[in-house]
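Below, chain A is the first sequence line, B the second, and so on; all start at residue 1. Note that the structure is predicted; figures quoted are calculated from it, not measured.
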There are 2 protein chains.
Amino acid sequence: MSDKLSYVAQGLLDVVPPIMHFIREEMRRQSAGANALSIPQFRCLAFLRRNPGAAVTKVAVHQGITKATASDIVERLVQQGLVNRQIDPTERRRHRLTLTPAGDQVLDDARKATREQVKAVLNRLSPAELVTLADALPLLTSAFQEVLPPNL
Amino acid sequence: MSDKLSYVAQGLLDVVPPIMHFIREEMRRQSAGANALSIPQFRCLAFLRRNPGAAVTKVAVHQGITKATASDIVERLVQQGLVNRQIDPTERRRHRLTLTPAGDQVLDDARKATREQVKAVLNRLSPAELVTLADALPLLTSAFQEVLPPNL
DNA sequence: TATTGTTATACTCTATAACTATA
DNA sequence: TATAGTTATAGAGTATAACAATA
């Protein structure tokens with residue numbers, strides 16, 4: 001029992017960092033130059049698309065980072081013209097964050113390009129193997145979702 | 001066909017970053033303070049354990065980073081007393097990198113502690129679900145191994 | 001000339017602590 | 001007092017470019 005658990009755990013620790021590295025590289029290459037997006041920026045944009053008008057603290061909780069870090073990330077996105085930041089009239093301490101049209105576009109492009117690269121890699125697998133993966137990924141999501149911030 | 005591929009690719013893009021974040025957080029918490037290890041440092045130590053005497057360029061290629069970055073990472077590990085760096089007598093441009101006993105110990109501790117945390121998360125899954133994961137992880141490894149540097 | 005490694009410079013992510021403004 | 005957000009400071013990872021030493 002504990003053996004299988006250990007095996008899977010170690011497997012995750014072995015395979016996740018390199019895949020993460022691959023994703024990061026692809027996002028850097030794809031959106032190289034002008035509209036380069038980092039992973040945290042990407043996740044921030046994706047979060048804001050799903051939660052328009054969210055505040056900085058919400059972004060921080062979602063990413064599992066501090067308010068200070070979230071504030072920095074948002075600041076850079078605002079400077080790049082990808083995020084709109086307005087004071088909430090009903091709670092003037094709070095900011096309402098939304099995607100600009102440019103932010104929406106950049107997010108779409110980055111997401112699409114990166115997904116194509118990942119697809120090219122996964123294309124090496126057989127249909128049956130893809131099914132196994134398709135079954136496994138939701139399990140990871142459900143296992144980690146209670147430990148991680150909501151709205152992956 | 002392409003639908004399943006897209007689904008799995010997007011699933012990976014959704015689930016990998018948060019898991020990576022979890023791993024990073026745990027490694028930071030576990031080895032907090034004195035012997036704190038970052039993921040790149042961790043991977044560097046693990047690589048040097050498997051490839052004692054490797055040169056800086058080998059580390060760079062393995063991690064998919066530049067020589068400059070690898071040099072920085074190694075430098076910090078040397079300063080922490082975790083890695084030994086000696087000029088290769090037969091090729092004086094090259095450095096022979098090895099783990100110190102302390103580096104070996106720290107690597108073991110970090111690996112063990114982080115794996116325990118991941119196990120605790122995976123413990124939410126049923127035995128059957130664990131089997132699915134155990135089947136899936138090697139598929140990811142094989143799919144990405146040709147795109148990524150060797151010796152994950 | 002080509003290769004190994006370091007240094008210089010710059011940017012992003014990250015944290016903690018201190019701060020401002022608002023409630 | 002408590003909360004939302006920013007700023008200050010510091011350290012790590014990352015890249016490119018320039019460099020020194022060696023081959």
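- At least one side-chain heavy atom of A/Leu99 sits less than 4.5 Å from a side-chain heavy atom of A/Val83.
- Close to D/dT14, at under 4.0 Å from its OP1 or OP2, lies no side-chain N or O of B/Thr66.
- Put simply, CZ on B/Arg92 is 9 Å from C1' on D/dA21, counting in whole angstrom units.
- What you find for A/His21 and B/Gln63 is that their closest heavy atoms are NE2-O, 3.1 Å.
- Nearest to the side chain of B/Arg93, among C/dT3, D/dG13, C/dT12, sits C/dT3.
- Remark: B/Arg124 CZ is packed, more than 12 non-hydrogen atoms of other residues, nucleotides or ligands lying under 6.0 Å away.
- Protein atom CG of A/Asp88 is 9 Å distant from nucleotide atom P of D/dG5, rounded to whole Å.
- Taking side-chain N and O atoms only, B/His95 has a distance below 4.0 Å to OP1 or OP2 of C/dT6.
- Rounded to whole Å, atom P of C/dC13 lies 16 Å from atom CD of B/Glu25.
- B/Phe47 and B/His62 have parallel rings, their planes meeting at less than 30° on a 0 to 90° scale where 60° marks the start of perpendicular.
- When rounded to the nearest whole Å, the span between CZ of A/Arg43 and C1' of C/dT12 equals 16 Å.
- Atom CG of residue A/Leu130 and atom OH of residue B/Tyr7 lie 12.0 Å apart, to the nearest 0.5 angstrom.
- Computed from coordinates, the B/Arg96 CZ to C/dG5 P distance equals 12 Å when rounded to whole Å.
- One interatomic measurement links the two molecules: CG of A/Leu97 to C1' of D/dG5, which rounds to 11 Å at whole-angstrom precision.
- In this structure, B/Thr57 does not reach the C/dT3 phosphate: none of its side-chain N or O atoms is under 4.0 Å from OP1 or OP2.
- Among the protein residues, A/Ile39 comes within range of no part of the nucleic acid, since none of its heavy atoms lies under 4.0 Å from any strand.
- Among C/dA23, C/dC13, D/dT14, the nucleotide with an atom closest to any side-chain atom of A/Ile73 is C/dC13.
- B/Ala55 comes within contact range of the sugar-phosphate backbone alone, with a heavy-atom separation under 4.0 Å but no base atom that close.
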Does the side chain to side chain donor-acceptor pair (under 3.5 Å) test come out yes or no for A/Arg96 and A/Gln86, once each step is laid out?
-> CA-CA 5 Å; A/Arg96 291 180 52 79; A/Gln86 294 171 315; 5.4 Å; no
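- Using a 4.0 Å heavy-atom criterion, one finds that A/Arg24 contacts no nucleic acid atom at all.
- When the side-chain nitrogen and oxygen atoms of B/Arg85 are compared with OP1 and OP2 of C/dT6, one or more of them lie within a distance under 4.0 Å.
- For A/Arg94, taking side-chain heavy atoms from C-beta onward, the closest of the listed nucleotides D/dG5, D/dG13, D/dT22 is D/dG5.
- The two residues B/Met27 and B/Ile39 come nearest to each other via the heavy atoms SD-CD1, 4.0 Å.
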Polar atoms only, N or O, under 3.5 Å: list the protein pairs with nucleotides 7-11 of chain C and their distances.
none

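- In this structure, CD of A/Gln80 is placed 9 Å from P of C/dC13, rounded to the nearest angstrom.
- Shown here for B/Ser6 and A/Arg115, the closest heavy-atom pair between the two residues is O-CD, 3.9 Å.
- What separates CD of B/Gln79 from P of D/dG13 is a distance of 12 Å, to the nearest Å.
- A close approach under 4.0 Å does not occur between any side-chain nitrogen or oxygen of B/Gln63 and OP1 or OP2 of D/dG13.
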